Amino acid sequence: MQDTARSLTQAQAARRYQLFIDGKFVDSRTRKTFESINPHDRSVVAVVAEGDKNDVDAAVKAARAAFERTWSSTPPGERARFLLRIADLIEANAPELARLESLDAGIPIALSTPIVGECASIFRYWAGMATKIHGLTTDAMRPGQYLGYTLREPLGVVGGITPWNGPLLMASWKTAPALACGNTVVLKPAEHTPMTALELARLAAEAGVPDGVLNVVPGFGPTAGAALAQHPGVDKIAFTGEYVTGRLIVQMSTSNLKTVTLELGGKSPHIIFDDVDLEAAVANALFGLFTFTGQICAAGTRLLVQETLYDRFVHRFVERAQQIAIGDPLDYSTRMGPLASEEQLRKVQRYVEIGKKEGATLRCGGGQPKAPALADGFYFEPTVFTEVDNKMQIAQEEIFGPVGSVIKFHDEEEALRIGNDVIYGLAAGVQTKDIKRAHRLAKQLQAGTVWINTWHMIEPNSPFGGYKLSGYGRENGLAMVEHLTRLKQVWVDLNDFTMDLFAV
Ligand code: ADP
């Protein structure tokens with residue numbers, strides 16, 4: 001536990017992390033560990049206890065006991081106070097958390113710093129929600145005869161399985177609402193980026209959250225992740241990751257018919273009409289595509305540009321993409337860091353080759369940057385393919401890297417057809433000055449979020465999730481209360497019992 005509280009100046013040395021179960025940092029039952037790698041230079045940033053089935057079982061038992069012993073009966077106002085304390089502690093530790101996020105996931109510090117602030121906001125939002133969760137009376141059909149009312153109850157133990165992009169944000173999305181609704185949590189962070197979820201557990205303990213209410217078991221997907229998804233003592237899985245994994249999770253959930261919500265991948269269309277201000281449109285398209293090196297499920301990876309604007313747009317977009325400051329995530333001037341892992345680097349390289357073979361034009365990027373200072377990292381240049389046909393693999397499949405496909409369209413009808421012609425439906429965007437057209441498209445685009453003249457706006461109160469293979473259920477906002485509680489209907493006869501069917 002002391003290792004996890006090292007000062008900033010020691011952050012470059014490899015840290016040691018244990019599992020967090022029942023309020024304590026403990027080794028895994030097997031005592032196995034794995035290394036978390038800094039994507040900037042491949043150094044080891046942390047040696048982490050590797051949880052598997054038995055550790056997950058211990059965490060679920062601790063979470064169940066905490067649910068029954070204390071958390072489900074803790075008054076909502078008290079739960080809110082714990083969440084507010086966690087928010088304050090996130091803020092108090094923000095520089096260190098942002099730094100760890102940059103070291104582990106390669107997120108530029110200029111981005112990880114405000115994201116940590118956002119995590120505090122998430123806990124505050126859900127602290128406010130904790131006292132507003134309640135049932136309703138349902139006496140209208142037979143007033144005076146019966147009283148009916150619903151109790152809105154927590155589910156029990158919620159398992160959170162998160163990916164490596166935005167690790168603390170993902171951990172906050174899974175934890176804060178579940179705790180606010182009265183559930184206890186077992187969190188399985190991604191194997192590439194386990195540090196900040198464990199730091200969150202440390203802060204929760206510091207905030208006084210009772211033992212067992214939040215447990216964190218780092219480990220690998222097919223072992224720790226699968227054990228959580230299959231566990232009969234888990235009432236719900238909240239998953240973010242690839243749709244192929246999402247399908248497996250649903251299959252595994254059938255052991256006890258636990259509920260599942262899935263936030264999966266995307267191949268979001270960003271539709272740009274010729275009436276836009278070119279500079280603003282290019283800036284928004286860069287932001288939508290290259291933020292966090294393109295490793296965001298909602299990235300605007302398919303740039304659909306009206307043919308009358310196409311040449312001017314491509315020229316300026318490529319020019320600006322080439323100017324993006326790539327570098328060490330800990331440098332405040334860096335705007336694009338490395339990819340998060342070697343595996344991801346190989347995947348992006350593979351897709352660039354596919355794009356070339358498919359006949360798309362590689363207009364910039366396509367390889368690793370030449371700067372010697374970046375030679376050891378998983379860096380990749382901002383890459384733009386033009387003359388892309390929407391049927392191509394690079395336009396249909398999620399690459400999860402700094403690779404964009406620019407596709408030409410003629411009119412609104414064609415833009416809509418191409419925009420929706422994909423297996424995913426996470427996000428979509430439209431840039432135009434024509435307000436009627438913007439709203440028409442917002443209605444017709446098959447996506448859980450539509451951004452008009454903006455991108456990546458997601459707030460604690462805005463439901464975020466997918467259509468089609470981008471999943472089901474929503475993160476954030478009131479909608480989540482439905483996913484994290486269940487209703488019980490209670491009936492009261494207000495008179496003498498009147499339905500004596502078997503009277504003689
Ligand atoms: P990504 O490409 O974003 O890592 P994944 O779906 O592979 O997407 O991983 C997201 C999360 O799912 C990670 O925490 C990972 O460990 C976990 N995971 C991967 N495979 C499985 C599995 N078979 N069962 C349960 N969890 C899994």
Side-chain angles (χ1 to χ4, degrees), residues 17 19 28 32 34-37 39 48-53 55-57 59-60 104-107 158-175 185-198 200 215-232 234 236-255 258 260-267 292-299 301 339-348 350-351 378 397-401 403 424 426 466 469-471 475:
Y17 283 95
L19 318 176
S28 63
K32 278 206 264 181
F34 66 99
E35 291 178 342
S36 191
I37 303 296
V48 185
E50 181 189 330
D52 70 9
K53 200 166 184 285
D55 305 297
V56 166
D57 189 51
V60 172
D104 213 9
I107 305 174
V158 172
I161 302 180
T162 56
W164 41 260
N165 60 336
L168 186 61
L169 186 74
M170 292 293 122
S172 303
W173 277 13
K174 301 298 181 224
T175 304
V185 173
V186 178
L187 190 63
K188 206 298 280 173
E191 48 272 45
H192 294 300
T193 53
M195 290 205 290
T196 45
L198 288 157
L200 180 64
N215 307 272
V216 181
V217 184
F220 292 87
T223 49
L228 193 57
Q230 281 163 358
H231 202 293
V234 173
K236 185 230 157 92
I237 291 285
F239 172 76
T240 302
E242 292 184 23
Y243 83 87
V244 182
T245 318
R247 276 182 177 155
L248 287 175
I249 303 257
V250 172
Q251 284 161 12
M252 289 187 275
S253 72
T254 58
S255 62
K258 55 175 72 70
V260 178
T261 46
L262 303 169
E263 197 258 281
L264 308 174
K267 197 74 190 178
F292 189 20
T293 321
Q295 301 168 113
I296 301 185
C297 45
T301 47
L339 291 158
S341 67
E342 172 130 37
E343 190 187 336
Q344 205 51 34
L345 174 64
R346 300 281 163 252
K347 183 176 173 191
V348 171
R350 216 167 44 242
Y351 271 107
F378 308 130
E397 295 177 14
E398 189 176 41
I399 300 173
F400 233 61
V403 183
Y424 295 108
L426 190 60
L469 285 186
S470 293
E475 304 276 351

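We use all heavy atoms of the structure for the numbers below, so side chains are in, but hydrogens, waters and symmetry mates are not. Since the model is a prediction, treat every value here as computed from it, not as a measurement. Positions are given from 1 along the sequence. Read the numbers this way: they start at 1 and go in the same order the structure lists the ligands and their atoms.
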For K174 and T240, which I'm curious about, is there any donor-acceptor pair between the side chains at under 3.5 Å? yes

What are the distances between nitrogen or oxygen atoms of ligand 1 and protein nitrogen or oxygen atoms, counting only those under 3.5 Å?
from, atom 1, to, atom 2, distance (Å)
ligand 1, 2 (O), E242, OE2, 2.6
ligand 1, 4 (O), W164, NE1, 3.0
ligand 1, 6 (O), E242, N, 3.0
ligand 1, 6 (O), T245, OG1, 2.7
ligand 1, 14 (O), T162, O, 2.7
ligand 1, 14 (O), K188, NZ, 3.0
ligand 1, 16 (O), K188, NZ, 2.6
ligand 1, 16 (O), E191, OE1, 2.6
ligand 1, 16 (O), E191, OE2, 3.4
ligand 1, 16 (O), G221, N, 3.3
ligand 1, 24 (N), G221, O, 3.4

Can you tell me if K236 and T261 form a side-chain donor-acceptor pair at under 3.5 Å? yes

Residues L19, V216; criterion side-chain contact (heavy atoms from CB on, under 4.5 Å); working and verdict: CA-CA 6 Å; L19 318 176; V216 181; over 6 Å; no

Any luck finding a side-chain donor-acceptor pair between H192 and Q344 under 3.5 Å? no

Could you tell me whether the side chains of T193 and D104 share a donor-acceptor contact shorter than 3.5 Å? no

Check side-chain contact (heavy atoms from CB on, under 4.5 Å) between D52 and all other residues, then give those that pass, not counting sequence neighbours. T30, N54, D55, T223

